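These notes are about the structure you will find just below.
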Amino acid sequence: MLKKYFGCLVVLIISFGVRADYDKNFDGKITQVLTYTHVDEILIRVEGQPTNHPVCTLFDYMVIDKSVSVERRQVVLSRILLAYASGEIVNIGYDSKDECIEGRIKVYRIG
């Protein structure tokens, strides 16, 4: 009986730490790619990108976070630039609930 209550307590504690993260997708062409020498984020503008969010306040660009490792950011940037150059429609996975990077919607996947 004690094990059952302990198990429930563990599940309850873990659920408090859960965030929304990647929970939505949309399709569009990448129309702009911005990189800077003084910051590690990658900014993209995509046709049909969200124009509202319960927490984020800037909707000019979406962002690939600097916390993504350099190696992974390079892979993502390669994918972004290929889609941009070819005019390919891509599927963007993002957080629609609670996670922003400097006010912009955080991108989790580009497919």
Side-chain angles (χ1 to χ4, degrees):
M1 184 85 152
L2 185 59
K3 287 182 183 182
K4 182 178 178 180
Y5 287 118
F6 180 72
C8 289
L9 180 62
V10 168
V11 169
L12 184 62
I13 290 170
I14 290 172
S15 68
F16 283 121
V18 174
R19 297 186 326 220
D21 294 335
Y22 162 40
D23 67 335
K24 284 255 181 153
N25 295 292
F26 73 95
D27 295 330
K29 286 184 185 179
I30 297 173
T31 60
Q32 213 169 8
V33 180
L34 298 178
T35 59
Y36 297 93
T37 58
H38 64 283
V39 293
D40 292 330
E41 290 95 359
I42 301 168
L43 301 177
I44 60 172
R45 183 174 290 158
V46 184
E47 290 177 349
Q49 73 186 41
T51 57
N52 59 41
H53 191 279
V55 179
C56 300
T57 57
L58 298 173
F59 304 103
D60 52 352
Y61 297 95
M62 299 182 81
V63 63
I64 288 61
D65 191 10
K66 66 183 174 187
S67 69
V68 175
S69 71
V70 172
E71 295 83 8
R72 287 188 187 194
R73 266 198 326 277
Q74 288 300 317
V75 169
V76 171
L77 182 58
S78 295
R79 177 70 177 109
I80 289 169
L81 292 175
L82 179 62
Y84 174 70
S86 68
E88 175 187 2
I89 293 175
V90 293
N91 184 272
I92 306 291
Y94 68 100
D95 179 342
S96 72
K97 294 185 179 166
D98 68 351
E99 200 163 1
C100 305
I101 304 298
E102 296 180 12
R104 293 187 173 94
I105 296 173
K106 183 176 180 176
V107 173
Y108 281 87
R109 187 182 63 77
I110 300 176

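Remember, it's a predicted structure, so these values are computed and weren't measured experimentally.
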task = For residues Asn52 and Ile105, report the shortest heavy-atom separation together with the two atoms involved.
result = O-CD1, 4.4 Å
request  = Decide side chain to side chain contact (heavy atoms under 4.5 Å, CB included) for Ile92 and Asn25; before the verdict, give the C-alpha distance in whole Å, the side-chain angles of both, and the deciding distance to 0.1 Å.
outcome  = CA-CA 5 Å; Ile92 306 291; Asn25 295 292; over 6 Å; no
task = Determine whether Thr35 and Leu77 make a side-chain contact, defined as any pair of heavy atoms from C-beta on separated by less than 4.5 Å.
result = yes
task = Evaluate the side-chain proximity of Tyr108 to Asp23: yes if any heavy-atom separation is below 4.5 Å, no if none is.
result = no
inquiry  = Just so I know, are the side chains of Lys66 and Val39 near enough to count as touching, which here means a heavy-atom distance under 4.5 Å?
reply    = no
query = Are the side chains of Gln74 and Ser69 in touch, meaning some heavy atoms are under 4.5 Å apart?
reply = no
query = Asn91 versus Arg109: any side-chain heavy-atom pair under 4.5 Å?
reply = yes
Closest approach of Val76 to Ile110 (non-hydrogen atoms, all atoms of both residues) = CG1-CD1, 4.0 Å
task = Spell out, as yes or no, whether a donor-acceptor pair under 3.5 Å connects the side chain of Gln49 to the backbone of Phe59.
result = yes
query = Heavy atoms, side chains only, cut-off 4.5 Å: are Glu99 and His53 in contact?
reply = no
ask   = Between the main-chain N or O of Val68 and the side-chain N or O of Arg73, is there a donor-acceptor pair closer than 3.5 Å?
value = yes
query = Taking all non-hydrogen atoms of both residues, which atom of Gly103 and which atom of Cys56 are closest, and how far apart?
reply = O-CB, 3.3 Å
query = Do the side chains of Met62 and Ile64 join up, straight or via other hydrophobic residues, at under 4.5 Å, putting them in one cluster?
reply = yes
note = Those residues at least two apart in sequence (or on a different chain) that pass salt bridge (Lys or Arg N to Asp or Glu O under 4.0 Å) with Asp60 are Arg104
ask   = Between the main-chain N or O of Val33 and the side-chain N or O of Arg45, is there a donor-acceptor pair closer than 3.5 Å?
value = no
request  = Under the side-chain hydrogen bond (donor to acceptor under 3.5 Å, both in side chains) rule, what do Tyr61 and Glu41 come out as? Steps first, then yes or no, please.
outcome  = CA-CA 11 Å; Tyr61 297 95; Glu41 290 95 359; over 6 Å; no
note = Interatomic distance, CG@Leu43 vs CD1@Ile80, rounded to 0.5 Å, equals 9.5 Å
CD1 on Ile101 to CD1 on Ile42, rounded to 0.5 Å = 12.5 Å
key: Side-chain heavy atoms of Asp95 within contact of Lys24, under 4.5 Å   = no
query = Does any non-hydrogen side-chain atom of Tyr84 lie less than 4.5 Å from one of Gln32?
reply = no
request  = Identify the heavy atoms of Ala83 and Val90 that sit nearest to each other, and give their distance.
outcome  = CB-CG1, 3.5 Å
message = To check you understand the geometry: which heavy-atom pair defines the closest contact between Tyr22 and Gly93, and what is its length?
response = CE1-CA, 3.3 Å
ask   = Can you check salt bridge (Lys or Arg N to Asp or Glu O under 4.0 Å) on Asp65 and Lys106, steps first, answer last?
value = CA-CA 7 Å; Asp65 191 10; Lys106 183 176 180 176; 3.7 Å; yes
query = When clusters are formed by joining ILVMFWY residues with side-chain heavy atoms under 4.5 Å apart, either directly or through shared neighbours, do Leu81 and Val46 land in the same one?
reply = yes
ask   = What is the minimum heavy-atom distance between Lys29 and Gly87, and which atoms define it?
value = CE-O, 3.1 Å
